[in-house]
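The next block holds one structure in the form of structure tokens; read it before the comments.
Naming: A, B, ... by sequence-line order, numbering from 1 per chain. Side-chain atoms are counted along with the backbone in the values below, which use heavy atoms only and exclude waters and symmetry mates.
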Amino acid sequence: MDSTIKFTANGERRSVTTDSERALLDVLREDLGLTGAKYGCGERECGACSVLVDGRRAFSWRTPVSKVVGKTVVRVEGLGSGEKLHPVQEAFLAEGAFQCGYCTAGMIIAAVGMLAENPKPTDAQIVAGMDRNICRCCAYPDILRAVRRCAGRNRGAEVRP
Amino acid sequence: MIATKTLSTTRRGFLNVLGAGIVIAVAPETARAQVAPAGGRGRGGGGRGGAGGAKTVAARLHIGQDGIITVMTGKVECGQGARAELTQAAAEELRVGADRVRLVMADTGLAPDDGGTSGSQSTPSTVPAIRRGCSAARGLLVALAARRWEVDAKTLEVRDGKVSDGAAGARSLSYADLAADKDAEKLLAGAIPADVVMTPVESWKVMGTSVARPNGRDIVMGAHHYPSDVSRPGMLYGRVLRAPAYNAKLASVDLGPAKGMTGVVAVQDKDFVGVAATTAFLAERALEAIAKTAKWEDPPAQPSSEALYDYLRERVRGGAPKNPFADEVAKAAKSLRQSYHVAYVQHCPMEPRAAVAEWIDDKLTVWTGTQQPFGVRGALAQALGVAGDRVRVIVPDVGGGFGGKPTGECAVEAARLARGAGKPVSLRWTREEEFTWAYFRPAGVIEAEASLDDRGGLATWNFTNINSGGNEVQSPYRVAKNQARFVGSEPPLRHGSYRALAVTANTFGRESFMDELAVLAGRDPLEFRLAHLEGGRLRTVLEEAARRFDWASRVKDKRADVGVGLACGTDKGSYVAACAEVVADRKAGTFTVTRVCQAYECGKIINPANLMRQVTGAIVMGLGPALREEMRFAGGKILNGNFADYEVPRFADLPELEVHLLDRADLASAGAGETPIIAIAPAVANALFAATGVRVRQMPIRLGKAKAN
């Protein structure tokens, strides 16, 4: 049954008339052309579809679009402003914290969500906070370094040759 | 963007979807020259970089009159870093910075066939192929400048894309100036000379440095379009009807319920049944509707993972292999016979198989995630009954491969749906489909028997790999009488290539067995290995890993439930050794890998940071099949086809990780996407034995309640 769903995506008001049971991920990708968030598992296990809903990480493939009515959705494409990257994006780029990069959007969103709650996480807290995201290329050491960098640790240090 | 006057609108349409930053144009005659007949793939060969490669300079690169350099390769970027490395190769020979080169990859309409992206071949084969093409181009442009200035080409210098007259000093011409020369096009259309010279290592400026992934910024911005992100006007979303079990045949199906839904197209072509709809959600509903009507014949009885190893053993082709050294073994004071098991595992790249297919008239274009764009073009032509030159395959940088995406089944399905629907169709396999209908790294049984001489040295060695493959089945250790071989069986699951494929199984079997033989000989595992290794690259990495890990003191650490182990091996011209520390919890029957120190050498390093990522990534990925990954199946069904039940490595699995890269400027560069994965599992098994006295002879390595043995 189609209904009109209104929500905010990065400051822009969006209105979509569609079946309210559809996944937020599908609506973002198919209706709004926002392909940053990815399908990875369909079971809340890998985090590739992560977006922020009212500042908290949500698995958009498992979030019916009806659940975000009136809420604010932030995707990886909307983190920075124009050409300026968000600090977490900067850190991932600086550390080369990706290989194929398919999980990267979800990783960055998870890191942004985690750092909003705890700006100075320990390594153990980073691991706990990021552990719901899978990187099959296993770029975990580089991602860990990128998140540490955001937390103001190892800034400038450990730069690889 | 290069405005080439010969560019047709249709071609421009193609080019525009290549993605941000890589919009290019080449003369259509160049592209057309690359289109081979369907199925006409040659065998790989180093000479031109794979299956034919580029025969002419123009087929390898295009220098725009605006100075933009576009280099073309049939290789695929799937996370291994080929885009950076191949860009470096071109930049080095063209004497420009890496940021001046745009690399068009894996587009059968534009790029030469450099062979599939597999077997660690991009480095040893495609890097030289690109270097030769670009070096030849530089030579031709220099010759053009020399002719114009009427000087000897040898007196000219090339720096930063400019040819300058060293003698006169003041004169210079950019590549763009030279590309505008009336003779340039004709010259670049010439063959790449066989004797073209490549820049020696000591003069490298771009190769050997850590050039970042060229489209890294797009990746962190979510702007890169993976195959599953490609969108075409009017595109529908597809789903395919799958059998409830392997080898279950479709008896009947009623497409009526799907056809009755607005916005849905249902397609049947013999056993192929699928739907396409305006949204993925609607396609799912339509598929559910017809799946309810489908009748399937009962599949034949099929083996389960519980009985897998006996099943493979009993079906060995040619019967159970005999040990030709049985007499010596019988007489030897000390001998040992063991079996090792390696489970089926899955690649599960984060991006499942995906394809977007579009027919325009009788021409088919498919954007898909595959490691073999030219092979998939052939497969599409054959399956759809069209000529190869009517099919174009484009592979945007892919969301992971690991040897799991050489085939084109998803591309073929998307093309069938698109033909049936009369509209472009996007098909993205679900995770469950990927787990079930892709394929697996072969399971294997390793049977090993060896005897020792009076001094505790290896006297005989008999080593058989059943089912999983023959790569590096030969032992690198010195032994008087040696037989090693691979024998096939009847694999119950569809299997195929995987990062390092059988080398992991063969290394796990051999390095576990060597550890057991060291115990039998009463010698330290490192010392026992070194006693059987000639000087050379493998010995060097083993010694380096042991030294960095401080093996000599750690092995004396007698803390309860803590142990260290090591392993080494080689594959595809590169060498690896790993030392691992594990801490066991005997009561819980579990253990943790706490520290890994790996030394790796693949000749001259082309991109240190990328190599480091490949090696660390391979170690952690290798922990998956070492510790947990194992496909379970019964009755033709996969029982754990999801990430909740099939547990791949996560952040929490990270050990303290130390990697040492040995840079050998005197040796040719070998590929590094595979070999760094092979040593971790046996190092862990050996460490677990040291910690607990329990020898686990299978991957995944589970401690459980096993008693010391």
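- Applying the 6.0 Å contact sphere to CD of B/E284 captures more than 12 heavy atoms from other residues, nucleotides or ligands.
- When heavy atoms are compared at a cutoff of 4.5 Å, B/F402 approaches chain A solely by way of its side chain, counted from C-beta outward.
- Heavy atoms of A/E21 lying under 4.5 Å from chain B belong to its backbone as well as its side chain.
- Proximity to chain A (any heavy atom under 4.5 Å) is restricted, for B/V398, to the backbone atoms N, CA, C and O.
- Summarising the geometry, atom CE belonging to B/M350 is positioned 10.0 Å from atom OG1 belonging to A/T104; distances are rounded to the nearest 0.5 Å.
- Remark: B/E85 pairs with B/T123 by the side-chain hydrogen bond (donor to acceptor under 3.5 Å, both in side chains) rule, at least two apart or across chains.
- Between chain A and the options B/R499, B/E77, B/E434, B/R213, the largest number of non-hydrogen pairs under 4.5 Å is found for B/R213.
- Side-chain contact between B/Q614 and A/Q99 is present, with heavy atoms from C-beta onward closer than 4.5 Å.
- Interface summary for chain B: among A/R22, A/M130, A/E77, the most heavy-atom pairs under 4.5 angstrom belong to A/R22.
- The contact between A/D26 and chain B is made entirely by side chain atoms (from C-beta outward), counting heavy-atom distances below 4.5 Å.
- Scanning residues 28-56 of chain A against chain B with a 4.5 Å non-hydrogen threshold yields A/R29, A/E30, A/T35, A/G36, A/K38, A/Y39, A/G40, A/C41, A/E43, A/E45, A/C46, sorted by number.
- A salt bridge links A/E83 with B/R217; the closest basic N to acidic carboxylate O contact falls under 4.0 Å.
- For the residue pair A/Y140 and B/P649, the shortest heavy atom distance occurs at OH-O, 2.6 Å.
- When each of B/A644, B/C78, B/G400, B/P349 is checked for heavy-atom pairs under 4.5 Å with chain A, B/A644 comes out on top.
- By number of non-hydrogen pairs under 4.5 angstrom with chain A, the leading residue of B/A354, B/G399, B/G401 is B/G399.
- With contacts defined as side-chain heavy-atom distances shorter than 4.5 Å, the pair B/S228/A/Y102 qualifies.
- Looking at A/V127 and B/L654, their side chains never come closer than 4.5 Å, going by heavy atoms from C-beta outward.
- Distance check, rounded to the nearest 0.5 Å: CZ of B/F651 to CD1 of A/I126 gives 9.0 Å.
- By number of non-hydrogen pairs under 4.5 angstrom with chain B, the leading residue of A/G78, A/G96, A/A97, A/G80 is A/G96.
- Interface residue B/A652: backbone and side-chain heavy atoms are both found under 4.5 Å from chain A.
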Open item on the list: Go through it in stages, so that I can follow the logic: the residues are A/E95 and B/R613, the test is salt bridge (Lys or Arg N to Asp or Glu O under 4.0 Å), and I'd like the CA-CA distance, side-chain angles, deciding distance and then a yes or no.
Closed with: CA-CA 10 Å; A/E95 296 289 350; B/R613 279 192 287 274; over 6 Å; no
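- Annotation: B/K604, atom NZ; neighbour count of heavy atoms from other residues, nucleotides and ligands within 6.0 Å is above 12.
- Atom CG of A/D19 is separated from atom OG1 of B/T279 by 8.0 Å, given to the nearest 0.5 angstrom.
- Neither the backbone nor the side chain of B/D397 comes within less than 4.5 Å of any heavy atom in chain A.
- One N or O on the side chain of A/R136 and one on the backbone of B/H347 form a donor-acceptor pair closer than 3.5 Å.
- Both the backbone and the side chain of B/C348 come within contact range of chain A, with heavy atoms under 4.5 Å apart.
- Screening A/I108, A/V88, A/L79 for a side chain to side chain contact (heavy atoms under 4.5 Å, CB included) with B/V220, the sole residue that qualifies is A/I108.
- The distance from atom CZ of B/R650 to atom CD1 of A/I134, rounded to the nearest 0.5 Å, is 4.0 Å.
- Side-chain atoms of B/I219 and A/F92, non-hydrogen and from C-beta on, never get closer than 4.5 Å to each other.
- Taken from SG in A/C100 to NE2 in B/H224, the straight-line distance is 9.0 Å, to the nearest 0.5 Å.
- Side-chain contact between B/T616 and A/D142 is present, with heavy atoms from C-beta onward closer than 4.5 Å.
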